[in-house]
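Shown next, in structure tokens, is the structure this report addresses.
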Amino acid sequence: MHVPRSALLAALPLASTCLSLLPHSAAAHGFAGDRFFPATLLTDDPFVADELSLPTFSRNPTSADGTQELDFDVEFSKRLTPDIGIGLSRGWQHVKPLGG
């Protein structure tokens, strides 16, 4: 039976959607034996992983002296081996003092 190429191309988005909805396992990193070490707001991710943080904007609350701060950051991390990785990041910070 011959199926037209256009019919196959039309079915491709539906097939890819169905495949993406199938359950799949995820391997968590950050385990050392029975202990899990999560990344928090105060500590960076303690384990090597492939990660991409596209533009991250943050605006800190106005400080007691009226200073306002705006941060813009981008970061890329690549795992080279299970224990070695490389990270590249770039950040920009704008500090506006009260009346300045």
Side-chain angles (χ1 to χ4, degrees):
M1 178 176 153
H2 181 270
V3 178
R5 184 180 178 137
S6 61
L8 289 175
L9 291 175
L12 189 60
L14 178 62
S16 64
T17 302
C18 291
L19 286 175
S20 69
L21 295 176
L22 292 175
H24 55 281
S25 64
H29 70 286
F31 282 97
D34 291 338
R35 293 183 172 208
F36 176 69
F37 295 92
T40 66
L41 291 174
L42 297 177
T43 62
D44 195 11
D45 194 350
F47 289 87
V48 180
D50 293 333
E51 298 176 333
L52 174 64
S53 299
L54 289 177
T56 305
F57 296 96
S58 61
R59 182 183 176 277
N60 296 329
T62 303
S63 66
D65 65 356
T67 302
Q68 295 178 339
E69 181 181 329
L70 177 67
D71 297 325
F72 171 80
D73 298 297
V74 176
E75 182 179 4
F76 172 75
S77 300
K78 178 65 180 158
R79 180 178 53 204
L80 302 175
T81 70
D83 297 325
I84 298 174
I86 187 169
L88 303 170
S89 64
R90 184 71 176 167
W92 176 79
Q93 182 179 57
H94 176 73
V95 179
K96 181 180 175 185
L98 182 64

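The model shown is predicted, which means the values in this text are computed figures rather than measured ones. Residue indices begin at 1 and follow the sequence shown.
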Listed partners of D50 passing salt bridge (Lys or Arg N to Asp or Glu O under 4.0 Å), at least two apart: K78
Listed partners of I84 passing side chain to side chain contact (heavy atoms under 4.5 Å, CB included), at least two apart: L80, T81
Summary of ring pair (Phe, Tyr, Trp, His ring centres under 6.0 Å) pairs that have at least one residue in residues 78-97, sequence neighbours excluded: W92-H94
Distance in Å, K96 NZ paired with L70 CG, rounded so as to fall on 0.5 Å steps: 11.0 Å
Qualifying residues under side chain to side chain contact (heavy atoms under 4.5 Å, CB included), relative to D65, sequence neighbours excluded: S63, T67
Members besides L52 in its Ile/Leu/Val/Met/Phe/Trp/Tyr cluster (side-chain heavy atoms under 4.5 Å): L54, F76
Shared-cluster residues of V95, by chain and number - hydrophobic side chains joined below 4.5 Å: none
